[in-house]
Participant: 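Sharing a structure here in structure tokens format.
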Amino acid sequence: SRTNPARVDEDQTTLNALWLVEQSNTGVLAYLVTPRLRDPDPAIRDAAVACLLSLANGRHQPATGTSSPPDHGHTTSALAESLDQAVAHYATHNNPGALKAWAAQGSAAFAPESPALAALSDPDHPAVPALRDLLKHADTPAIRRGLVGMLGLPTLALACVAGLRRLAETRPADLAHCLHGNAHLLSLPAVRRGLARGGSPERLWPPAFANGGAHVDCDALPAWAAALPGTPRDAIARLTPLTTTGPPTRRLDALRHTLECAPHHPATPATLRRVLVATLTPLARDADPQLAGPAAARLLREDLSPPRPPHRFRAPHRPDPGTAPRYTTTSAAFALLRHQRAHTRRVAATAFEPLWHSWTRLPADQRRSAAAAALRLDPTARVRLQHARTAHDQAVRSRGNDIINTASLPALGATAT
């Protein structure tokens, strides 16, 4: 059959227009591209997919020449709206390239009240089986960019886990690239629920990650280690190598997730606390103060914080053996000193007050020993007696002078007699 020259010219014009939209990165014109997904000419369909993928890959740069830069926010929202409509109306074109372009947006595709998300939440929607097949294979960068976010969709969670396992077993570098920049998504409850449906986490934690990821360029490894299903003890075991190797920011993030796995709470099991102490002990001696500071502070709270002493009037240099804390770390001397100082401050705050208020009720034979004990324990007693001796109230002056004379304080009582 003879080819219609007008049809050929029209097809070439369409291809030229798609090429111009792609090269100029004009996302606001994406609504002109999506109808070409169902064009009868396969060359035009392929060109439309290539154009949408180019726009969705985030290459929204200002147009060349003398044209002014576009509005980036408006461009992104217009592109997302066009791709949402392409997914929601998947039955009109059945082109998997539209699903790839939508997934290539990454976290930008998961906007609230998105028509695409509403459509993909329906297991009977025609786009769901096609997208499941793409997610299971995860053989294109566009699909891999959406793997983490689509874990939050119950209709696609198992397919996402299958794709992530495939990457972990065959291409760990691609898995790291897939996770990079998506740490914020891994903290979402819906994403963690979808990840938990995948069963055992061992197949999602490749050996390249297990040795601390020293040669893996991924900022989301700590979030991934904490998000995988399992007990807090398992999460700490995955996070411990990440706290010792890698960039400083990633090590600090790994420390933060480690502390979150075992909150400082009386209900935290003792075995979990021991695992946490074993992880934090070497970090407390790290050369980086941003790591050593939080680790040492948590160690003091978990292992070195002394119990509250009993409300008894005891000398600070004679701690009660039954209530004195037992320490199991190398910093026991420092902790005991902190305990004694805190005990001294509490005793000093109450040593002089009872003496002053009960002075008139004390028997004469006990006044001297009580005053001597209060003056020995309370470092502020002498200063307060000096103030009392020069007070305006005659009763206060009289009591202050009486205590000074009874305690035989020559330095204070020289002018009091």
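Keep in mind that this is a model prediction, so the values were computed, not measured.
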Participant: Closest heavy-atom contact between Ile143 and Ala103?
Facilitator: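 For Ile143 and Ala103, the tightest heavy-atom pair comes out as CD1-CB, 4.1 Å.
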Participant: Please test Asp286 against Arg251 for salt bridge (charged side-chain N to carboxylate O under 4.0 Å, His left out), starting from the C-alpha separation and ending with a verdict.
Facilitator: CA-CA 11 Å; Asp286 196 90; Arg251 295 180 63 198; 2.6 Å; yes
Participant: Could you tell me whether the side chain of Arg145 and the main chain of Ala104 form a donor-acceptor pair under 3.5 Å?
Facilitator: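 Checked: pair present.
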Participant: Looking only at atom types and distance, does a side-chain atom of His177 sit under 3.5 Å from a main-chain N or O of Ala173, one as donor and one as acceptor?
Facilitator: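 Pair absent, no side-chain N/O of His177 close to backbone of Ala173.
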Participant: Given the rule in the side chain to side chain contact (heavy atoms under 4.5 Å, CB included) test, do His387 and Arg384 qualify, once you have shown the distances and angles that lead to the verdict?
Facilitator: CA-CA 5 Å; His387 286 261; Arg384 298 174 70 176; 5.6 Å; no
Participant: For Arg298 versus Leu280, what's the shortest heavy-atom pair and its separation?
Facilitator: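 Distance-wise, the nearest heavy atoms are CG-CD1, 3.6 Å.
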Participant: Using atom types as modelled and distance alone, determine if a side-chain donor or acceptor of Ser54 lies under 3.5 Å from a backbone N or O of Ala50.
Facilitator: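 A pair under 3.5 Å: no.
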Participant: Any heavy-atom pair between the side chains of Val49 and Asn95 that's under 4.5 Å?
Facilitator: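 Side-chain contact under 4.5 Å: yes.
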Participant: Once side chain to side chain contact (heavy atoms under 4.5 Å, CB included) is applied, do any residues pair with Ala370, and if so which ones, sequence neighbours excluded?
Facilitator: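 Listed in chain order: Leu355, Leu362.
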Participant: To the nearest 0.5 angstrom, please state how far the CG atom of Leu99 sits from the OH atom of Tyr90.
Facilitator: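 One finds 5.0 Å between CG of Leu99 and OH of Tyr90.
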Participant: Identify the heavy atoms of Val87 and His125 that sit nearest to each other, and give their distance.
Facilitator: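 Minimum heavy-atom separation between Val87 and His125: O-CE1, 3.4 Å.
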Participant: To the nearest 0.5 angstrom, please state how far the CG atom of Leu156 sits from the CG atom of Leu151.
Facilitator: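 Between atom CG of Leu156 and atom CG of Leu151 there are 9.5 Å.
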Participant: Could you check if a side-chain atom of Thr92 sits within less than 4.5 angstrom of a side-chain atom of Arg38, using non-hydrogen atoms only?
Facilitator: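 Sidechains of Arg38 and Thr92: in contact.
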Participant: Show, in sequence, the C-alpha distance, side-chain angles and deciding distance for Leu32 and Arg36, and conclude whether the side chain to side chain contact (heavy atoms under 4.5 Å, CB included) test is met.
Facilitator: CA-CA 8 Å; Leu32 298 176; Arg36 297 302 175 180; over 6 Å; no
Participant: Backbone N or O of Gly181 within a donor-acceptor pair of the Asp219 side chain at under 3.5 Å?
Facilitator: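 Yes, Asp219 side chain to Gly181 backbone: donor-acceptor pair under 3.5 Å.
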Participant: Are the side chain of Arg144 and the backbone N or O of Ala138 linked by a donor-acceptor pair below 3.5 Å?
Facilitator: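 Between the backbone of Ala138 and the side chain of Arg144 there is a qualifying donor-acceptor contact (under 3.5 Å).
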Participant: List the atom of Leu179, the atom of Ala220, and the distance in Å for their closest heavy-atom pair.
Facilitator: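 Between these two residues, the closest heavy atoms are O-CB, 3.2 Å.
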Participant: Test side-chain hydrogen bond (donor to acceptor under 3.5 Å, both in side chains) on Asn16 and Thr13; report intermediate values, then the result.
Facilitator: CA-CA 5 Å; Asn16 294 341; Thr13 301; 5.4 Å; no
Participant: Can you find a heavy atom in the side chain of Val161 that is under 4.5 Å from one in the side chain of Arg197?
Facilitator: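 No, their side chains stay 4.5 Å or more apart.
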Participant: How about Arg192: does its CZ atom have over 12 heavy atoms from other parts shown lying under 6.0 Å from it?
Facilitator: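 Yes.
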Participant: Atom CG in Leu164, atom CG in Asp174: separation rounded to 0.5 Å?
Facilitator: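 Here the interatomic distance stands at 11.5 Å.
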Participant: First locate atom OG1 of Thr155, then atom CG of Leu131, and finally report the distance between them rounded to the nearest 0.5 Å.
Facilitator: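 So the gap between those two atoms works out to 8.0 Å.
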Participant: Determine whether Gln85 and Thr34 make a side-chain contact, defined as any pair of heavy atoms from C-beta on separated by less than 4.5 Å.
Facilitator: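 A side-chain contact is absent here, since even the closest heavy-atom pair is not under 4.5 Å.
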Participant: Tell me if the CD atom of Glu81 is crowded by more than 12 foreign heavy atoms within 6.0 Å.
Facilitator: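 Count not over threshold, so no.
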Participant: Measure the CZ-OG1 distance between Arg274 and Thr279 for me, rounded to the nearest 0.5 Å.
Facilitator: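 So the CZ of Arg274 and the OG1 of Thr279 are separated by 13.0 Å.
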Participant: Indicate yes or no for a side-chain donor-acceptor contact from Ser114 to the backbone of Phe110 under 3.5 Å, with no hydrogens or angles considered.
Facilitator: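 No; zero donor-acceptor contacts below 3.5 Å.
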Participant: Do Asp122 and Val128 have side chains that get closer than 4.5 Å, going by heavy atoms?
Facilitator: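 Asp122 does not reach Val128 side chain to side chain.
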Participant: How about Leu175 and Phe209: do any of their side-chain heavy atoms sit closer than 4.5 Å?
Facilitator: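 Yes - at least one pair of side-chain heavy atoms lies under 4.5 Å apart.
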Participant: Show your working on side chain to side chain contact (heavy atoms under 4.5 Å, CB included) between Asp41 and Thr14 and close with a plain yes or no.
Facilitator: CA-CA 11 Å; Asp41 190 345; Thr14 302; over 6 Å; no
Participant: Ala168 and Leu204: which non-hydrogen atoms are nearest, and at how many Å?
Facilitator: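 Looking at all heavy atoms of both residues, the shortest contact is CB-CA, 4.2 Å.
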Participant: Using the side chain to side chain contact (heavy atoms under 4.5 Å, CB included) criterion, which residues pair with Ala118? Sequence neighbours excluded.
Facilitator: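 Testing Ala118 for side chain to side chain contact (heavy atoms under 4.5 Å, CB included), a comparison that skips the adjacent residues, returns none.
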Participant: Could you check whether any side-chain N or O of Arg203 sits under 3.5 Å from a backbone N or O of Glu169, counting only pairs where one atom can act as donor and the other as acceptor?
Facilitator: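 Judged by distance alone, no pair lies under 3.5 Å.
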Participant: May I have the step-by-step check of side chain to side chain contact (heavy atoms under 4.5 Å, CB included) for Leu195 and Trp224, ending in yes or no?
Facilitator: CA-CA 10 Å; Leu195 194 57; Trp224 180 246; 3.8 Å; yes
Participant: Nearest 0.5 Å, what's the CG-CG distance between Leu185 and Leu147?
Facilitator: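 Here the rounded value is 11.5 Å.
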Participant: If you take all heavy atoms of Leu272 and Cys261, which pair is closest and at what distance?
Facilitator: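 Heavy-atom minimum between the residues: CD2-O, 4.0 Å.
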Participant: State whether the number of non-hydrogen atoms from other residues, nucleotides or ligands found under 6.0 Å of His93 atom NE2 is greater than 12.
Facilitator: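 Yes, NE2 of His93 has more than 12 neighbouring heavy atoms, counting only those of other groups under 6.0 Å.
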Participant: So that I can tick it off, tell me whether Arg250 and Asp253 are bridged by a salt bridge, with the cut-off set at under 4.0 angstrom between side-chain N and carboxylate O.
Facilitator: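 No, Asp253 and Arg250 are not salt-bridged.
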Participant: Between His180 and Asp217, is a side-chain hydrogen bond (donor to acceptor under 3.5 Å, both in side chains) present by the stated rule, with each step listed?
Facilitator: CA-CA 8 Å; His180 188 72; Asp217 184 15; 4.9 Å; no
Participant: Is there a side-chain contact between Gln290 and Leu255, using heavy atoms and a 4.5 Å cut-off?
Facilitator: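 Of all side-chain heavy-atom pairs linking Leu255 with Gln290, none is under 4.5 Å.
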Participant: Any donor and acceptor pair, going by atom type alone, linking the side chain of Asn57 with main-chain N or O of Leu53 inside 3.5 Å?
Facilitator: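 Side chain of Asn57 to backbone of Leu53: a pair is present.
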Participant: Verify, without hydrogens or angle tests, whether Gln23 (side chain) and Leu20 (backbone) share a donor-acceptor contact under 3.5 angstrom.
Facilitator: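 Answer holds: no.
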Participant: Is the backbone N or O of His184 less than 3.5 Å from a side-chain atom of Ser187, with the two atoms forming a donor-acceptor pair by type?
Facilitator: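 Such a contact is found between Ser187 side chain and His184 backbone.
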Participant: Taking the side chain as everything from C-beta on, heavy atoms only, tell me whether Thr281 gets closer than 4.5 Å to Leu299.
Facilitator: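 The answer is yes, as the side chains (C-beta and beyond) meet within the 4.5 Å cut-off.
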